[in-house]
K.L.:
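Let me give you the structure first, and then I'll get to my questions.
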Amino acid sequence: MEPDVSIETSSMIRVAVIPVGPVPPNHLRDYSAMLLRHCTISLSTISSFYTEHQKSPFSNQPWDSGSLRFKFMLGGSPSSPWEDFQSNRKILAVIGLCHCPSSPDLDAVVDQFAAACKGYPSALVQRCFGFCPGDSQLEDGSKREGNLILFPPSDRQTQEFHMNTMVQDIAASLLMEFEKWVLQAESAGTILKTPLDSQASLSSEEVIKAKKRRLGRAQKTIGDYCLLAGSPVDANAHYSTALELARLTGDYFWYAGALEGSVCALLIDRMGQKDPILEGEVKYRYNDVISYYRKSFIQDNAQRVSPLSFELEATLKLARFLCRRELAKEVVELLTAAADGAKSLIDASDRLILYVEIARLFGTLGYHRKAAFFSRQVAQLYLQQENGLAAISAMQVLAMTTKAYRVQSRASDSKHSLPSEIGPSYADGGKMHHHSVVSLFESQWSTLQMVVLREILMSSVRAGDPLAAWSAAARLLRCYYPLITPAGQNGLATALKNSSERLPSGTRCADPALPFIRLHSFPLQPSQMDIVKRNPAREDWWAGSAPSGPFIYTPFSKGEPNDTSKQELIWIVGEPVQVLVELANPCGFDLMVESIYLSVHSGNFDAFPIRVNLPPNSSKVITLSGIPTSVGHVTIPGCTVHCFGVITEHLFKDVDNLLHGAAQGLVLSDPFRCCGSAKLRNVSVPQISVVPPLPLLVSRIVGGVGAVILYEGEIRDVWISLANAGTVPVEQAHISLSGKNQDAVISVAYETLKSVLPLKPGAEVTLPVTLKAWQLGLVDPDNAAGKSASGSTGRQSKDGISPILLIHYTGPLTNPGEPPENGSSVPPGRRLVVPLHICVLQGLSLVKARLLSMEIPAHIGENLPKPVRLDNGSTEEVTISESKADGLVKIDPFRGSWGLRFLELELSNPTDVVFEISVSVQLENSSDVDNPSVDQDAAELGYPKTRIDRDYSARVLIPLEHFKLPVLDGSFFVKDSQADGTSSGRTLSFSDKTSKAELNASIKNLISRIKLRWQSGRNSSGELNIKDAIQAALQTSVMDILLPDPLTFGFKLSKNGAGHAAKLDSPKESNVQVPSTSKGSVLAHDMTPMEVLVRNNTMEMIKMRFSIRCRDVAGANCVEGDKATVLWAGVLSGVTMEVPPLQEVKHSFSLYFLVPGEYTLVAAAVIDDPNDILRARARSVSSNEPIFCRGPPFHVRVIGTA
Amino acid sequence: MIGVGKIKQYSNVLDKPLSKGKQEVSLSAFAFLFSELVQYNQAQVDNIAELERRLEDAGYAVGARVLELLCHRDKGNRRETRLLGILSFVHSTVWKVLFGKVADSLEKGTEHEDEYMISEKELLVNRFISIPKDMGTFNCGAFVAGIVRGVLDSAGFPAVVTAHFVPMEGQQRPRTTILIKFAEEVLRREARLG
Amino acid sequence: MAPAAPRSGDAIFANVERVNAELFTLTYGAIVRQLLTDLEEVEEVNKQLDQMGYNIGIRLIDEFLAKSNVSRCVDFKETAEAIAKVGFKMFLGVTASVTNWDADGTSCSLVLEDNPLVDFVELPDTCQGLYYCNILSGVVRGALEMVSMKTEVTWIRDMLRGDDAYELQVKLLKQVPEEYPYKDDE
Amino acid sequence: MASTACFIIVSRNDIPIYEAEVGSAVKKEDAAQQHQFILHAALDVVQDLAWTTSAMFLKAIDRFNDLVVSVYVTAGHTRLMLLHDSRNEDGIKSFFQEVHELYIKVLLNPLYLPGSRITSSHFDTKVRALARKYL
């Protein structure tokens, strides 16, 4: 059988094309290509070369339209035993191709060619073309006649033209030869035999039979020549006679042959145009042809030779003729029939050719699976012959089938596109529609696919193509591992290793083997997360733009994978990044991954390879890192893996699809699942953009690891050092606070930071931050809960409650690298988050505050005790305050201290350190507005420090008398009456609220002057918040503390009175007594003059009636009553007087004590028609109710006389 | 065998004969179920398009099965190989079985060769569903569209099928039109089959 | 107190508007399939189905009371009977039988010979543990809650799991006075 | 019963969703593979033929050597394909029809994803029983 036959074949003139002498392959290719271009020569062009010797047998040759067809057989071909039967099988001409430079001796060439031609007895024309001859050769050649034609060196075009004419010449001479042949055939006639005609027994009737048939066969052959001569009409004529004769002589085989010829003639005549009628005709005749060939099958010599191959060829010819989609049905039938013939073909190579042809035809029909099937048959035939070449052909043929079986290598990119085209379809909807999933895994016909891949593997191993072998093994292992026994898996692994050994190191293969790799996650360094979009327009450029990274808010985040795809990442040139991927090795052997790294096509990323070892059936999550090298976008389609000695790229998308199918139960298995790895939503690679280098600040708290531990209220500085770890200077930096307890940060040295800008790369700055510990009590409930959780220690170093320093900083607006215009988008800024971990410990605590009052009566003397209130007098300030310093603690016995109040603070120290506390009172008389020297008054009274040991408690007393106001004056008092307005019904004009507020204000004012500072250890010091406690303590009796009585009374012995007394008795005694009296003691039985000083503390005149009482120790009134022990002179009761504002009025009187002992003088007054102020002060409710005013008691010691 | 009280047990569903398609459940039972389907999917999506896609997806699963079942049971194992055949199959057979009536109309798209429309004055699934204003053009018919697509696609007539409300003069409720746009491969094949 | 004239389930079913059971079955199937695809975990699917059922139950009860003039029966026993004989019939066209009353009459079983949900369903290995009809238990729970009966409904038998019938155990937890249904999921 | 018979169900996406060697002949792996190759190739023929008739049973549509391929195309273009050496068309037809019914039941199971492998063991046993009965 012959490959590539068609109906027209019978009209083609076979020309053997053979190299003469050594011809370099490339030249040979070149020359033959030049020749092959001229396979049809139209008759019109050859007329010039044609000379009609005698009457041409081709009477109706179409000189204008017809043509001769050549079939060039490169390298020639052995002569066929069927030459007589089909003349087109004869080699009718020989063309030699000679490369003159490589064979200088032309004679030798001629001889060689002549020799070669011997092999082709049927050849009617021989030519030898000599290309690019040397000059010597040229002239030598020009001398000689014969069939050596030299192509003088010249440009291509001329050569082509030359070649054209040469072929035309050949055509012409062939035509003339045909004529000769035909003429002599018609006259003489020849014996035409085919292998079918049995040589064995030439029985007589055999011979007769042969004789009978000769004519017909001759006619047929003549027809053949007519066809070759390009004259279909003549051919047809001869064929029809031949048919006639053949039918008569029952020469079926030749009948069929003639019929074939006639069909060919028909087609040639129609110039290849196809109309249904013609098609019908051809179909009809060819079916005859086929059936006659079948008829001509002769049993007796069947095993030696049979017309079967002709039958099949005919079938194929028809099939090729009809091969159109519309006629698929018939073509399929023909081809199927042809295929059936295969097994009865004797010659293996015939079978091979048959299958090849069938495969081709199915291919052209678009039946790729059919084509693949027969190609595979071919491959198997090749594999049966044990030699390398066959193996190679087998491999190539199988490679053609891979598409149909969907196992093609990625190298053929059709499959490569598959994942990408379905990529979006499901990326959008998170879940894929079922049907679309199914179609994704279209034609997973694993049984077949594995077989094919195995065959490819085997053949490529045999053919010695390690890469093909590797890729086949890889595909097998990767796609079908679940169907392969561990042993088989190992086999494939070794196959991979072996083939890789034959490959140069660093060979790449389009088909990945193991492991399976899926994207796991993108861990984000804080530095990445805190990149802030920069708004150059405004000073606070970070405002309004949240840091990118995980903080972006996506309204549609339904936990569907697609929202990860929305995610955007910003990487910075030169700052290393990490990506987590998960590897799985579902096979039964140890998988050694020599190196794996992220494969990035955008070329602006340096990936760092690592080495991984995966035990059998195991999966691993590994971290792959790299460094973005230049600005732009980074896309990470997958990983590049160096495994089994070959470099492959593993795309994440493929695995995602695979897992998808697994989830739907459409693929064999999920490699990760079967390695016991949990299923995770497939992460799609986020949009990654790389921005130019940015500065990178790193912070550390100097000398402080972990939380700063502070006692409540403690104030301390911490030092934060910032270093620029980036490659770009920090040009702007802004510090802001956020988080809870921001007020705990008293001050941050912004300026220090500002001053060092721009902060060069590598530079460092340290800025102090002053912290004040908050009150444990005041911390909000949630961390109070945390507190209880973290136990009694109350360490709240939880980030929750600590304040945070936010430092927004940026590099230069345009970075030095590229000109500003292309960096039109401003490089983003950054945010450094410095959490100030503060852990507040319970420190010194106030247990309670109480108000104590102390009453010690004064002793009467010549002069009044200095009223304390005078201290506020503006005279001789300094001395007074000095004297007061001790006065606070000491009490002048003569003065006594009436209604003096103390604030007692009880403090305890639960900690394990010693506290020193110091109370200080600020003497500032805010109420005394008209006092010029207020600021001077703002002197502080230091108290001696008190030391409180650990686990002890201590009390501190603070006298409050210094807060007494000098005057019960309107200006202040209005305020006060407001304060008091609540109780007095007449001051409804003032709303309770304001009045309360006012009161509180005045109290606060008072309280704020009392400070309690503590100190502990070297540097820890703070202030204890006692305000509330004091406030509580004072609330009740604040009036008495703040306000003086409207009237104050003071008794004293009057000197003149004393003198007068001296006159009464002996002067010397009196002399004696004077010092005694000066001591404030009084003699019994002696008239003692005294005076009471009444001072009006208000701004108005006060009218009043007052009286003086004298009581003895028993408290009995000893002035009135029946057994009075004291006589008196002057008025003691009902004394009416008017005291002008802020004036004193003296009232004198004398007492005569009958009995020595201790007496007490008290003055009391009833104020007449008092004003509001007084009422208010007295807290009197009704207007007509009298107002009493009572002075402090004065002691009088009366000494007996002798 | 639904509603026929005591029925014999089958060792396996494959032993159970195919139903004759005569059994029924109350419309409201279906209504309740369907509204749950809609509500569930509504909770899964961000936008109307996605919701419709999911309903269509659900419908598709129904359609694919209905085709196989009905061709076997109601069409005596005849396949529809021609475009008009399959369309009328959908319009009459499928509709009759699923919705108890033949579809109101089956028309060919006027401007496009490859478009066909099946219209219902009141599509079953839209009878008991009222679309909240904020859901705009959302049409539960997407489910039915899915069924249709399931039938067509499985039968080898891939098409894009969508449901639309078409306001009708003289009626307060718009009718629902199932718009079918066939893939060109279908038309090409039709042409070839002549 | 027996309801005035409780119409028989069949009577009501005969009158109500009906649809082809196959549409119903297939639609339900599609729902379950979607849940399996979305939620992936069988347990989650059971939950979701029950929730859907509950949503239906609390809405369906009104229609039930309206169509069958079953006057609100206070007695749990009656209620159960009503559900089985009338409820299932009027909605699904199948009747259930009430059995396995416990001593104090607070727990019984509704037994379904067959139900339209499960035509030709067969649990593949990947779906073991799925209560395919879980929506029913939800419906019953929801509906009963609306007549102020807090119940716990569990599957005792499931033909899909090889049992010979579908048995729903309904346990009365407490009979609460009128209480408005909460929707815990939204 | 046919000495060789390979039955296979191919989904409309050309994925085999069920395979069974139902011949009485002793099973040989490579033979089985060859059978599938033949069936796979026959799909080309089916895909054209299926549109030329509305019948589901397409009879014998292809052959290779002495093995014949009979095909039954369901409405959903799921193809039941039988490779056999016997010539018992009626038997094959009824075999196909009954398997078709089984297939519909499988398909009606909402938990079965159309186009995916049929794993039900009941299905397998029933198909084999039918093969014994009809082939």
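Reminder, nothing fancy here: chain letters follow the sequence lines and each chain counts from 1.
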K.L.:
Output the distance between atom CD (C/Q51) and atom CD (B/E36), rounded to the nearest 0.5 Å.
P.N.:
8.0 Å
K.L.:
Taking C/N20 for the side chain and B/V97 for the main chain, is one N or O donor matched with an acceptor at less than 3.5 Å?
P.N.:
yes
K.L.:
Counting only non-hydrogen atoms closer than 4.5 Å, does C/V118 touch chain B with its backbone (N, CA, C, O), its side chain (CB onward), both, or neither?
P.N.:
neither
K.L.:
For C/V19 and B/E24, what are the C-alpha separation, side-chain angles and deciding distance, and is it a side chain to side chain contact (heavy atoms under 4.5 Å, CB included)?
P.N.:
CA-CA 5 Å; C/V19 296; B/E24 291 179 315; over 6 Å; no
K.L.:
I'd like to check C/Y28 versus B/L37 (side-chain heavy atoms, cut-off strictly below 4.5 Å). Are they in contact?
P.N.:
no
K.L.:
What heavy-atom pair brings B/A61 and C/A30 nearest, and what distance separates the two atoms?
P.N.:
CB-CB, 4.5 Å
K.L.:
Drop me the distance from C/T37's OG1 to B/R54's CZ, to the nearest 0.5 angstrom.
P.N.:
8.5 Å
K.L.:
Counting N and O atoms only, with roles assigned by atom type, does the side chain of C/Q48 sit under 3.5 Å from a partner on the main chain of B/Y40, one being a donor and the other an acceptor?
P.N.:
no
K.L.:
Going by residue number, which parts of residues 26-34 of chain B are within reach of chain C, meaning a heavy-atom gap below 4.5 Å?
P.N.:
B/S26, B/L27, B/S28, B/A29, B/F30, B/F32, B/L33
K.L.:
What option among B/L124, B/V66, B/N41 has the most heavy-atom pairs under 4.5 Å with chain C?
P.N.:
B/N41
K.L.:
Can you tell me if CD on B/E113 sees more than 12 non-hydrogen neighbours from other groups inside 6.0 Å?
P.N.:
no
K.L.:
Please flag which part of C/E63 lies under 4.5 Å from any non-hydrogen atom of chain B: side chain, backbone, both or neither.
P.N.:
side chain
K.L.:
Report the distance from atom CD of B/Q39 to atom CD1 of C/I56, rounding to the nearest 0.5 Å.
P.N.:
9.0 Å
K.L.:
Which value, rounded to the nearest 0.5 Å, describes the distance between C/E22 atom CD and B/L70 atom CG?
P.N.:
7.0 Å
K.L.:
Restricting to ring pair (Phe, Tyr, Trp, His ring centres under 6.0 Å), what partner residues turn up for B/F89, sequence neighbours left out?
P.N.:
none
K.L.:
Let me know if C/L35 has heavy atoms under 4.5 Å from chain B in its side chain, its backbone, both or neither.
P.N.:
both
K.L.:
Counting only non-hydrogen atoms closer than 4.5 Å, does C/M90 touch chain B with its backbone (N, CA, C, O), its side chain (CB onward), both, or neither?
P.N.:
backbone
K.L.:
Verify the neighbour count for atom NZ of B/K101: are there more than 12 heavy atoms of other residues, nucleotides or ligands below 6.0 Å?
P.N.:
yes
K.L.:
In Å, rounded to the nearest 0.5 Å, how long is the span from CG of B/L55 to CD of C/Q34?
P.N.:
7.5 Å
K.L.:
Should B/V25 and C/V94 count as side-chain neighbours, where that means a heavy-atom distance under 4.5 Å?
P.N.:
no
